[in-house]
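Everything below concerns the one structure shown next.
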Amino acid sequence: MTDLASEPPDSPAASPGLTLVATPIGNLGDLSPRALAALRGADAVLCEDTRVTGALLARHGISATLLPLHEHNEDDQIPRVLERLRAGQRLALASDAGTPLVSDPGYRLVRAVIAAGLPLGAIPGPSAAVMALTLSGLPPHPFLFAGFLPARAGPRAAELARLRAAERAGLSATLVFYESPHRLGEALAAMAGALGGDRPAAVARELTKRFEEVRRASLAELAAHYAAAEARGEVVVVVGPAPEERTGEAELDRRLGEALAAGMSLRDAAAAVAAATGLPRRQVYARALEIGREPG
Ligand code: SAM
């Protein structure tokens with residue numbers, strides 16, 4: 001329940017420091033009153049694209065000093081931003097859409113502000129990842145936000161293989177990806193291949209906008225759908241957790257038994273089986289030791 005008495009005496013709009021301000025992901029009605037107050041009260045607004053944030057502010061009659069902060073200038077901007085904060089300025093950080101830092105610039109700046117012991121706050125608000133997760137009908141936690149997969153097929157396959165290895169080693173989480181609409185079909189096909197075509201999934205498109213849509217099906221079905229019809233607009237892919245791991249105890253023992261029977265040392269057998277199953281090497285070695293001690 002909201003506890004009005006526990007609100008800080010100074011709203012972020014009035015206090016010096018850096019405030020991370022979430023902005024709408026489509027529907028402009030989602031800009032909260034507190035976000036608006038923080039933007040209005042800021043001495044300067046750091047933003048990815050000054051045209052995008054400038055247009056948002058103009059709609060609300062705000063003419064703020066806009067300072068660009070993007071992937072390519074973040075490191076250069078940090079000393080200047082810290083200088084302003086040390087001088088007691090109120091700065092806001094907004095991205096083009098949604099929550100700053102979430103697949104958007106700002107992480108390095110936030111680290112620098114914390115390291116410098118300067119005030120830092122946030123106005124929470126929309127984020128496509130959380131909205132898609134809640135609409136997907138898939139287990140909401142634990143979830144792993146993976147951001148964008150690499151655009152090229154090779155690095156994307158490697159990234160998916162890393163996720164799959166983590167699942168084999170015990171990770172059981174709903175996975176959330178951002179994806180470009182042009183690559184959606186091939187990305188879903190790659191996910192189906194690496195993670196399993198029968199995994200339940202959802203594609204959430206154009207959230208909070210006029211053509212909002214959530215399509216729920218298996219990864220293989222979604223891959224087939226978007227291979228035939230290219231998606232339009234902005235997209236989040238949500239994939240349900242991996243099913244119960246196949247490398248159960250019996251399977252582990254069988255693999256270790258085979259490796260040991262082939263004359264491998266305990267250490268080599270454990271290393272080989274850990275690599276093949278994705279299970280942690282320490283766990284496999286501990287089991288290999290037990291098997292070694294058991295009377296044959
Ligand atoms: N910071 C943003 C957030 O908190 O959601 C994300 C920024 S990221 C650069 C942009 C990606 O977020 C898009 O490519 C898409 O995957 C996702 N996204 C943003 N808005 C969306 C929307 N309205 N519907 C679906 N996905 C969206």
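Numbering of ligands and ligand atoms starts at 1, following listing order. Hydrogens, waters and symmetry mates are skipped; everything else that's a heavy atom, side chains included, is used.
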[atom]: nearest protein contact (heavy atom, Å):
atom	result
atom 18 (N) of ligand 1	Ala128 CB, 3.4 Å
atom 2 (C) of ligand 1	Ala97 O, 3.2 Å
atom 25 (C) of ligand 1	Glu234 O, 3.3 Å

Any N/O pair [X]/ligand 1 closer than 3.5 Å:
X	value
Ser103	no
Phe148	no
Pro100	no
Gly98	no
Ala204	no
Ser95	no

Inset, instruction - Examine Arg205 relative to Phe211 and say whether NZ or CZ is less than 6.0 Å from the centre of the six-membered ring and inside a 45° cone about the ring axis. - result: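 No, cation not above the ring by the 6.0 Å, 45° rule.
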Inset, instruction - To the nearest 0.5 angstrom, please state how far the CD1 atom of Ile62 sits from the CG atom of Leu56. - result: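 Here the rounded value is 7.5 Å.
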Inset, instruction - First locate atom CG of Leu66, then atom CG of Leu39, and finally report the distance between them rounded to the nearest 0.5 Å. - result: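 One gets 10.0 Å once the value is rounded to the nearest 0.5 Å.
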Inset, instruction - State if Asp104 counts as touching ligand 1 under the rule of any non-hydrogen atom under 4.0 Å. - result: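 A heavy atom of Asp104 does come that close to ligand 1.
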For ligand 1, note which part of [X] has a heavy atom under 4.0 Å away: side chain, backbone, both or neither.
X	answer
Val235	backbone
Lys209	side chain
Leu207	both

Donor-acceptor contacts, no H, no angles, side chain residues 184-192, under 3.5 Å, sequence neighbours left out:
unit_1 : atom_1 : unit_2 : atom_2 : d
Glu186 : OE1    : Arg156 : NH1    : 3.3
Glu186 : OE1    : Arg156 : NH2    : 2.7

Inset, instruction - Might you point out which heavy atoms bring Ala92 and Ala38 nearest each other, and give the distance in Å? - result: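 For Ala92 and Ala38, the tightest heavy-atom pair comes out as CB-O, 4.4 Å.
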Hey, which atoms in ligand 1 end up nearer than 4.0 Å to a heavy atom of [X]?
X	answer
Val236	25 (C), 26 (N)
Thr99	1 (N), 3 (C), 4 (O)
Glu179	16 (O)

Legend entry - Note, Val236 side chain near Glu179 side chain (heavy atom, < 4.5 Å):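 Not in contact.
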Legend entry - Verify same cluster id: Leu36, Val45 (apolar side-chain graph, 4.5 Å):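 In one cluster: yes.
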Legend entry - Arg216 (side chain) donor-acceptor with Pro200 (main chain) under 3.5 angstrom: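 The answer is no, because no donor-acceptor pair under 3.5 Å joins these two groups.
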Legend entry - Co-members of Val130 in a cluster of I, L, V, M, F, W and Y side chains, linked at under 4.5 Å: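 Besides Val130, the cluster holds no residue at all.
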Inset, instruction - Take Glu213 and Arg232 through the test salt bridge (charged side-chain N to carboxylate O under 4.0 Å, His left out) and record every step on the way to the result. - result: CA-CA 11 Å; Glu213 175 194 59; Arg232 293 225 183 119; over 6 Å; no
